[in-house]
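Worksheet: one structure, shown below.
Computation of the quantities below employed the complete heavy-atom set of this structure, encompassing side-chain atoms and omitting hydrogens, waters and symmetry-equivalent molecules. As the structure lists them, so they are numbered: ligands from 1, and atoms in each ligand from 1.
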Amino acid sequence: MIVMKFGGTSVQDAQAIDRAAAIVRERLAEQPVVVVSALSKITDQLLAMASAAGSGNREKALELSRAARERHFAAVTELLGVQAVPQLWAELETDFDALDDLLAGIVAVGELTLRTTDNIAGFGERVSSKIVATAFSQRGISAESVDSRQCIVTDANFTKAVPQFEETNARLAQIVAPLLESGRTPVMGGFIGSTREGVATTIGRGGSDFTAAIVGGGLNATRIEIWTDVDGMMTTDPGLCPEARRIKTISFEEAAELAYFGAKVLHPATLLPAIQKNIPVLVLNSRNPKNEGTRITAAAPRSKNIFRAIAAKKRITIVNVVATRMLMAHGFLKSIFEVFAAHRCPVDMVTTSEVSVSVTVDSNESIAAIAADLSKLADVEYVGRKAIVCLVGENIRSTPGIAAKVFSAVEDVTIHMISQGASEINISFVIDEADVPKVVSRLHQTFFSQTDPEVFA
Ligand code: ADP
Ligand code: ASP
Ligand code: MG
């Protein structure tokens with residue numbers, strides 16, 4: 001079997017869903033499980049509704065909900081004709097009514113919990129999977145909508161719940177595998193799951209890629225296809241640098257570093273299940289399905305270029321901890337990291353000196369509380385609006401003098417932190433967020449103005 005995941009833009013409206021159906025139809029012989037995102041931007045809008053309701057703005061919440069309802073029904077009408085499938089129509093009416101009730105409930109209680117946030121955030125995938133399954137059925141695919149909350153079991157860490165693989169795999173075998181065996185095409189929402197007790201959760205923004213990989217790993221897929229709105233993984237974000245080139249092949253390790261450091265085309269956790277089971281992952285363009293995309297596998301051919309790609313991750317905060325009182329005493333680093341761990345805040349980059357430690361974290365609302373806890377240990381300051389730029393490639397291991405080339409290309413830019421060596425395949429550094437476009441295009445010009453045709457398109 002294979003997994004085919006269609007992101008938000010690939011199911012954004014009737015035409016996109018129609019294109020997705022044509023793509024899936026071509027692969028029916030390979031027994032696809034289809035994973036879909038919410039219609040593009042819907043998750044953002046759901047979170048905006050939840051937050052409006054949480055702050056007591058009932059009108060705004062219900063207005064946003066009405067707009068989302070209209071958009072979904074417009075897509076359904078175009079796909080299936082007016083009330084062509086009364087059952088779907090009625091089900092969606094009930095779903096949207098329940099959403100409105102929930103929003104009104106939040107306004108009434110005057111409080112928005114993470115648990116309720118997740119219930120609302122996952123609404124987009126719950127309805128998109130029903131719509132896509134019905135549209136596929138009308139287009140010659142024997143599709144069956146599957147409620148992902150029945151299959152993807154997670155812990156209760158709402159908004160970034162962690163999948164429980166053993167139970168999830170058992171559920172997939174029990175619920176999804178039999179559908180495949182009977183020749184049907186399961187259509188599941190990405191991003192969502194539920195706790196053992198059945199409480200709805202989500203696995204983190206952009207998490208539908210991860211769902212695809214969880215399903216692929218659980219059912220031993222021969223391939224995981226990520227269908228999106230660009231031709232594959234590119235040498236850098238094409239939105240940032242129009243000269244970006246398609247990468248034909250890339251290793252799991254390189255792609256994982258890029259995803260972690262901001263290449264939004266793949267959710268950073270996507271490759272974990274694929275690596276474990278050695279399942280190739282393809283990134284493909286649903287608007288240009290004939291293009292061969294990017295193939296991510298355990299070993300990719302070496303390229304003549306030093307780097308395979310450049311990623312940039314914005315919304316970074318640097319936290320500086322200066323231990324004037326402790327002079328980096330034994331155990332000091334441990335106590336610092338314990339503070340971040342207690343706030344469940346992952347640290348990306350770390351540099352140290354005799355008396356100080358600097359770390360970067362994704363900018364988040366807990367930073368003030370983290371700083372307050374750290375200030376019990378040492379002096380603390382933090383500064384946001386930073387970005388990590390990360391150059392990735394297996395050739396870093398074997399090429400001397402790379403750092404000199406990188407930093408001379410950006411010699412006029414203020415660099416706040418530098419890191420190389422942790423993974424042997426990445427050089428990263430921290431700059432001001434405002435410098436990202438300049439730095440990325442400068443580096444791209446330096447390292448990718450000529451590309452090895454074996455590896456880049
Ligand atoms: P989907 O909704 O299909 O999951 P995303 O918006 O999450 O799509 O990811 C696709 C986007 O990722 C592209 O439109 C592109 O702007 C961005 N992106 C960032 N870095 C890269 C990269 N190195 N290669 C390709 N796309 C990238
Ligand atoms: N719809 C979710 C989001 O926007 C998950 C995804 O699209 O991958 O974050
Ligand atoms: Mg995505």
Distance from [atom] to nearest protein heavy atom, with residue and atom:
| atom | answer |
| --- | --- |
| atom 4 (O) of ligand 1 | Lys5 NZ, 3.0 Å |
| atom 14 (O) of ligand 1 | Asp229 OD1, 2.9 Å |
| atom 24 (N) of ligand 1 | Met234 N, 2.9 Å |
| atom 12 (O) of ligand 1 | Val265 N, 3.4 Å |
| atom 16 (O) of ligand 1 | Asp237 OD1, 3.0 Å |
| atom 2 (O) of ligand 1 | Gly8 N, 3.2 Å |

List the steps and the verdict of side chain to side chain contact (heavy atoms under 4.5 Å, CB included) for Leu99 and Leu46. CA-CA 10 Å; Leu99 175 65; Leu46 287 163; 4.0 Å; yes
Short N-O contact, [X] and [Y], less than 4.0 angstrom:
| X | Y | value |
| --- | --- | --- |
| Lys60 | Glu63 | no |
| Asp412 | Arg442 | yes |
| Glu225 | Lys5 | no |
| Asp95 | Lys130 | yes |

Tell me whether the centres of the aromatic rings in [X] and [Y] are closer together than 6.0 Å.
| X | Y | value |
| --- | --- | --- |
| Phe307 | Phe448 | no |
| Phe96 | His72 | yes |
| Phe191 | Phe210 | no |

Pairs under 3.5 Å, nitrogen or oxygen of ligand 2 with protein nitrogen or oxygen:
residue, atom, partner, partner atom, Å
ligand 2, 1 (N), Thr43, OG1, 2.7
ligand 2, 1 (N), Glu125, OE2, 2.6
ligand 2, 4 (O), Thr43, OG1, 3.4
ligand 2, 4 (O), Arg205, NH2, 2.9
ligand 2, 7 (O), Ser37, OG, 3.1
ligand 2, 8 (O), Gly206, O, 3.3
ligand 2, 8 (O), Gly207, N, 3.4
ligand 2, 8 (O), Ser208, N, 3.0
ligand 2, 8 (O), Ser208, OG, 3.2
ligand 2, 9 (O), Arg205, NE, 2.7
ligand 2, 9 (O), Arg205, NH2, 3.3
ligand 2, 9 (O), Gly206, N, 2.8

Within a 6.0 Å radius of atom CD on Gln445, are there more than 12 heavy atoms belonging to other residues, nucleotides or ligands? no
Just going by heavy-atom distances, which of His267, Arg308, Met233, Lys264 is nearest to atom 6 (O) of ligand 1?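 The option holding the nearest heavy atom is Lys264.
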Thr228 N/O to ligand 1 N/O under 3.5 Å: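 There is such a contact, yes.
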Val283 contact mode with ligand 1 (heavy-atom cut-off under 4.0 Å):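 It is neither; nothing of Val283 touches ligand 1.
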I need the contact type for Pro238 against ligand 1. Using non-hydrogen atoms and a strict under-4.0 Å cut-off, is it side chain, backbone, both or neither? side chain
Main-chain N/O of Met233 paired with Thr294 side-chain donor or acceptor, under 3.5 Å: yes
Could you go through the side chain to side chain contact (heavy atoms under 4.5 Å, CB included) check for Ile431 and Val389 one step at a time? CA-CA 7 Å; Ile431 57 174; Val389 174; 3.7 Å; yes
Relative to the heavy atoms of Gly232, which atoms of ligand 1 are at a distance of less than 4.0 Å? 24 (N), 25 (C)
